Amino acid sequence: MIRVASLWKTYDRADGPVHALCDVSIDVEAGSFTTIAGPSGAGKSTLLLALGGLLSATSGEIHFRDLPIHRMGDAELAAFRRDHVGFVMQSQSLIPYLTARANVALPLALQGVARSEKNGRARAALDAVGLGDRANHLPRELSAGQQQRATIARAMVTRPALLLADEPTGNLDPELAREILAVLRNLNREVGTTVVMVTHSPEAAALGTVRLRMSAGTITTIDAAACASPA
């Protein structure tokens, strides 16, 4: 699904260049669950943002299927993200005055989906993450774990082929973190969504069918597991 070739990202600083990514080359297979672990400053989030077309690399290539992401302009990148990618970040960023269903339906509104279909798909996405009975609740009426579930539902409501998750359990306690990881794993296994997840958590990293480790802007380890860790 994704092919990354010789990707570099360099930031020019007053005290000299900082290489956030250094000659990174990876393939992400369709239907895989890839986890990216490593210390802070390793380049994990930089790589994830580049895969999603949210950050331009200094050099190198990123292909999504037959689309050359590295050559796209702003309008093309916006269309790529809208049509193919869902994002789940550490901060839920739900709009506080909208219900869970309205928050989840927002990406569909941007696509011009009709109201009846939009509401039905939003409700189905909430059902898929176990929040069907919370559709009319505001974010402040949801627990932290429920808010993150709503964020995942919003990322999945457009039925993207690729889900990019950056520390999706970073602000949650261990029990809630396991709940969110179970949701992501089920989306991968049952729906077939390709997932790439950045994490500091060894437990989360172990879920990957492919497990990458980064250090100082490079991929240091690639471990293709026979299967994800047991429930």
Side-chain angles (χ1 to χ4, degrees), residues 1-29 32-65 67-82 84-93 148 151-152 155 160-171 180-181 184 188 193-202 204-224:
M1 176 177 282
I2 305 171
R3 172 158 291 181
V4 178
S6 300
L7 201 68
W8 289 79
K9 179 60 178 178
T10 301
Y11 295 99
D12 293 323
R13 306 296 189 196
D15 55 350
V18 174
H19 302 298
L21 295 176
C22 304
D23 199 23
V24 171
S25 296
I26 58 169
D27 289 338
V28 177
E29 298 295 333
S32 64
F33 193 133
T34 299
T35 56
I36 307 174
S40 296
K44 307 183 300 298
S45 294
T46 300
L47 177 58
L48 196 78
L49 293 174
L51 294 180
L54 290 171
L55 178 147
S56 297
T58 303
S59 63
E61 299 183 357
I62 304 175
H63 292 269
F64 177 86
R65 296 172 177 164
L67 300 176
I69 307 305
H70 57 287
R71 295 178 184 167
M72 290 183 175
D74 290 344
E76 292 174 300
L77 287 171
F80 160 69
R81 292 190 294 267
R82 181 194 65 211
H84 300 290
V85 187
F87 295 91
V88 179
M89 302 304 183
Q90 185 171 349
S91 174
Q92 293 89 4
S93 66
Q148 192 66 310
T151 302
I152 294 170
L162 175 65
L163 181 67
L164 301 178
D166 192 0
E167 295 287 358
T169 62
N171 289 330
I180 296 305
L181 292 174
L184 293 173
N188 173 250
T193 306
T194 303
V195 178
V196 180
M197 178 176 68
V198 163
T199 182
H200 280 96
S201 164
L207 289 178
T209 57
V210 177
R211 300 186 289 265
L212 309 181
R213 186 162 185 86
M214 294 188 69
S215 179
T218 64
I219 304 290
T220 59
T221 305
I222 301 177
D223 178 15

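Computed over heavy atoms, backbone and side chain alike; hydrogens, waters and symmetry mates excluded. Since the model is a prediction, treat every value here as computed from it, not as a measurement.
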Determine all donor-acceptor pairs shorter than 3.5 Å in which one atom belongs to a side chain in residues 37-54; sequence neighbours excluded.
residue	atom	partner	partner atom	Å
S40	OG	H200	NE2	3.4
K44	NZ	G38	O	3.1
K44	NZ	P39	O	3.0
S45	OG	D166	OD1	3.1
S45	OG	D166	OD2	3.0

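Every residue two or more places apart in sequence or in another chain that forms a side chain to side chain contact (heavy atoms under 4.5 Å, CB included) with T220 is listed here: R213, S215, T218. In this structure, the side chain to side chain donor-acceptor pair (under 3.5 Å) partners of E61, at least two apart in sequence or on a different chain, are H63. Taking the salt bridge (charged side-chain N to carboxylate O under 4.0 Å, His left out) definition, one finds that R82 meets it with nothing, sequence neighbours left out. With sequence neighbours excluded, the residues that form a side chain to side chain contact (heavy atoms under 4.5 Å, CB included) with A161 are M1, F64, R65.
Residue I62 holds its CD1 atom at 8.5 Å from CD1 of I26, rounded to the nearest 0.5 Å. In this structure, CZ in F87 is found 15.0 Å from CD1 in I152, a value given to the nearest 0.5 Å. Interatomic distance, CZ of F80 versus CD1 of I69, reported as 3.5 Å (0.5 Å rounding). In this structure, NE2 on H84 lies 10.5 Å from CG on L162, to the nearest 0.5 angstrom. Note: M214 CE to L21 CG = 5.5 Å, rounded to the nearest 0.5 Å. Between atom OG1 of residue T193 and atom CG of residue L184 there is a gap of 10.0 Å, rounded to the nearest 0.5 Å.
With T35 contributing its side chain and M197 its backbone, the two residues share no donor-acceptor pair below 3.5 Å. Under a 3.5 Å cut-off, the side chain of D12 and the backbone N or O of P17 do not form any donor-acceptor pair. Remark: side-chain polar atoms of T199 are paired, donor with acceptor, to backbone N or O of S201 under 3.5 angstrom.
Between A155 and V88, the shortest heavy-atom distance links the atoms CB-CG2, 3.8 Å. Nearest heavy atoms, D27 versus V4: OD1-N, 4.3 Å. Residues A57 and L7 come closest through the heavy atom pair CB-CD1, 3.5 Å. In plain terms, the two heavy atoms of K9 and T58 that are nearest each other are CA-OG1, 3.5 Å.
In this structure, the side chains of T151 and M89 stay at 4.5 Å or more apart for every pair of heavy atoms. Residues E29 and T209 have side chains not in contact (no heavy-atom distance under 4.5 Å, counting atoms from C-beta outward).
Sorted by first and then second residue, the pairs that involve residues 14-25 and meet side-chain hydrogen bond (donor to acceptor under 3.5 Å, both in side chains), not counting sequence neighbours, are S6-D23, T10-H19.
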